[in-house]
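Below is one structure, written out as structure tokens; the observations come after it.
Just so it is clear: chains get the letters A, B, ... in the order the sequence lines come, proteins before strands, and each one is counted from 1.
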There are 2 protein chains.
Amino acid sequence: MSNIREVARLAEVSVATVSRTLQQPDLVSLKTRNKVLAAVKAAGYKPNLMAVRFRSGKTHNLVVLVPTVANVFFARVISGMQEAAHDNQYALLLGNTLGDDEMEAAYARMVQTSQADGLIQLRAHNPFDALQQPDAGDEAPALLPMVNACEVLDKAPCPTVVLDNRAAACAMTEHLLALGHRRIAMIKGPARSPLTRDRVAGYRDALEAAGVPFAAELLSPGNFSLQSGFDAAADLLALPNPPTAIFCENDEMAIGAIQRIKQQGLRVPADISVAGFDDISFAAFADPPLTTIAQPAEEFGRTAVRLLIDVLEGKLSKAPKVILPFDLVIRASTGPAPGAHQQQPDLQQKDQPDKS
Amino acid sequence: MSNIREVARLAEVSVATVSRTLQQPDLVSLKTRNKVLAAVKAAGYKPNLMAVRFRSGKTHNLVVLVPTVANVFFARVISGMQEAAHDNQYALLLGNTLGDDEMEAAYARMVQTSQADGLIQLRAHNPFDALQQPDAGDEAPALLPMVNACEVLDKAPCPTVVLDNRAAACAMTEHLLALGHRRIAMIKGPARSPLTRDRVAGYRDALEAAGVPFAAELLSPGNFSLQSGFDAAADLLALPNPPTAIFCENDEMAIGAIQRIKQQGLRVPADISVAGFDDISFAAFADPPLTTIAQPAEEFGRTAVRLLIDVLEGKLSKAPKVILPFDLVIRASTGPAPGAHQQQPDLQQKDQPDKS
DNA sequence: ACAAAAAATGTAACGGATTACATTTTATGA
DNA sequence: TCATAAAATGTAATCCGTTACATTTTTTGT
């Protein structure tokens, strides 16, 4: 591979002139410029970006830690990241951590070893914790080169992009309450996650506001997989007094739950309503189409990347917390509670699979 | 960030000794080694990998070009890549190309500019085509630092990992034929893709072997999305003589098709059988659970990465073509053709009264 | 046409780790 | 104990593009 010295030789100029021709053409006379450009072409010269970045100390790479790319929602988030990164000349290094702290630490180490400039974390966990912290004795507690998105740390030492999960869960629960449901179950995500905690809190907010007592047995654990929704639904249906509605913390679990309910010979939503969260593409094509909370997944990714780049360029002094909007999407998987006499909320539209 | 010279100073040795202590400890006396290791710890020294890689000329990054990460199947493939890459100390640079040639070329350029050592392409397209080819006049037509996986080029100038799509489609079609179906439709993928061509070929192979005439109107175009399966099914159902079975080239389209069929008031599989391809996680949780062809998605990714690393390390002189196995997974979305008197499935008699 | 300012170009240091080669220290054998 | 081999360590070049600073050439004003 030809280098800049080769080009300089061909063009009979110095390496500085070649570099300037490519970086700041204004500083080079037209005549020389042409000579250099011709030489560049003749040599098939492409600047070695490893050298450029080594010298500049910036890799222009961002690591993204994702529990699993196989999750449809995360895939959309990553899509958005990719878009923003590409627009800003950054590249995305994928870190599929499978939720393993060891793996996370390994990817986080890429930042300390100058393989990447910064990191985006989609899980509520500080991957730098395990690593030796930068000098804690400093006066300026500089921002970590990190952004936390979707599932954020309680007190993150970095910018965050998040949904108001509590409000969203509350909105969905209110929707179910408005349909006359009183025994509303929830299939949760992993116990430790703040996101799960927030959604449960929103669910309880709505119950409380409606004067419906909270029943612990209606909270069922899940792990965001189809299978866990299926299993959790089985448990809920086996209760002495089963729920008339199940609110799942993501769409996969909702789809799994619907499957289980139907296998039991029950109808959705005639016997049991089911709601999800995320509005993945499969939600609109579920049977029945799934009522869910739509999240701007791609926007999560784009925003996270933009924030991280701002951090890296020192444009941020405080760590902002960006809250993205959600949307309650009512489809056909939720309906009036069996036997409930409720007033028709006319705003209720059960749309078909939408376009897009 | 401390560097090797800082450590050398602390340990009162030369930089060479520090480097050797870390790279080839055998060459360093125990006494010196301990001194150096203590200094490394004291300085919190982490080798700057940008410098290492700049000097070695190897980035240890691999670019993966994927039409869209939002596709569940590709997400699994990437998962496998990640695993193999991590095991081999490589990192994955994600290139979400959206099928855009310009974008592909941009990512491919990362290889020429030493941002990555090699590239994995999941689409049947040579991204280097657009770029100036390496000196074609050479005597040794060295392998491109590229591997093509899943959807491969007809005559790829690089190793490939592929499924025998023709055989798989043939097997699925035989399954449908064995159930007594005679009007079997196919919802295809994008017209240009070799993968689609192969699956159609396999479908026709099976029809021909069974003496069932091929009907062009039963081939419906799709683009692998849920919506396109939905739309294509609508078209097929509107035919004067609609199919009794629909074989979709991926699971998303199959799920979309099932949705459409049910909306029409028809039952799956009682009225129409539907089959998919890929066996994504949603397939088992479709209603009814989807009969499909299981592909070893993660293994595609792992194999592709291993092959690429072999190419990069010069372990390969010829470009191998790896064919991975498929598996016909029969679930509940396919059943006997309506009105067909069919025998034991394993007898597979094909002399049913034809209503042509 | 000449001095001074402006523009163009060149020289060489720099970034951080590796490593060929040179040099010093230690071990070995007679 | 000395010569020599072996082990340990050090010196400095190298990878390649950028850029501060130095030098040369051109332009400008009078």
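Side-chain N/O atoms of A:Asn48 include none lying less than 4.0 angstrom from OP1 or OP2 on D:dG17.
Distance CZ (A:Arg5) to C1' (D:dG17): 7 Å, rounded to an integer number of Å. Atom P of nucleotide D:dC15 and atom NZ of B:Lys58 are separated by 15 Å, given to the nearest angstrom. For the pair A:Leu49 CG and D:dC16 P, the computed distance is 13 Å after rounding to whole Å. Between A:Arg9 atom CZ and D:dG17 atom P there is a gap of 14 Å when expressed in whole angstrom units. Atom-to-atom, NZ of A:Lys31 to C1' of D:dT25 comes out at 11 Å; the value is rounded to the nearest Å. If you take CZ of B:Arg33 and P of D:dA7, they are 14 Å apart, rounded to a whole angstrom. For the pair A:Leu27 CG and D:dA20 C1', the computed distance is 13 Å after rounding to whole Å. A:Phe54 places its CZ atom 13 Å from the P atom of D:dG17, with the value rounded to the nearest Å.
Take the nearest nucleotide of DNA chain C for B:Ala16 and for B:Ala51: the residue whose nucleotide is more 5' is B:Ala51. Place A:Leu22 and B:Arg55 on DNA chain D by their nearest nucleotides, and B:Arg55 ends up nearer the 5' end.
Looking at heavy-atom distances under 4.0 Å, B:Val18 makes no contact with the nucleic acid at all. Within the nucleic acid shown, A:Ser19 comes within 4.0 Å of at least one base atom, counting heavy atoms only.
Taking the charged nitrogens against the carboxylate oxygens, B:Arg302 and B:Glu83 do have a contact shorter than 4.0 Å, which makes a salt bridge. A salt bridge between A:Glu151 and A:Arg123 is absent, with no side-chain N of the basic residue lying under 4.0 Å from a carboxylate O of the acidic one.
End-to-end axis angle of the helix from C:dA1-D:dT30 to C:dA30-D:dT1, from C1' rotation axes over five pairs per end: 30° (rounded to 10 degrees).
Closest approach of B:Ala75 to A:Ala70, counting heavy atoms only: CB-CA, 3.9 Å. Residues A:Val18 and A:Ala8 approach most closely at CG2-CA, 3.7 Å, considering heavy atoms.
Of the possible donor and acceptor atoms, one in the side chain of B:Thr113 sits under 3.5 Å from a partner among the backbone N and O of B:Arg109. Listed for the A:Thr59 side chain is a donor-acceptor partner under 3.5 Å among the backbone atoms of A:Asp117.
If you check the side chains of A:Arg53 and B:Gln115, you find a donor sitting under 3.5 Å from an acceptor.
Within 6.0 Å of atom CD in B:Glu12, 12 or fewer heavy atoms from other residues, nucleotides or ligands are found, so the atom counts as exposed in its surroundings.
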Let me see the working for B:Glu299 and B:Thr303 under side chain to side chain donor-acceptor pair (under 3.5 Å), right down to the final yes or no.
CA-CA 6 Å; B:Glu299 189 56 28; B:Thr303 305; 3.2 Å; yes
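Taking 4.0 Å as the cutoff to heavy atoms of chain A, we find the contact window on DNA chain C bounded by C:dA8 to C:dG16.
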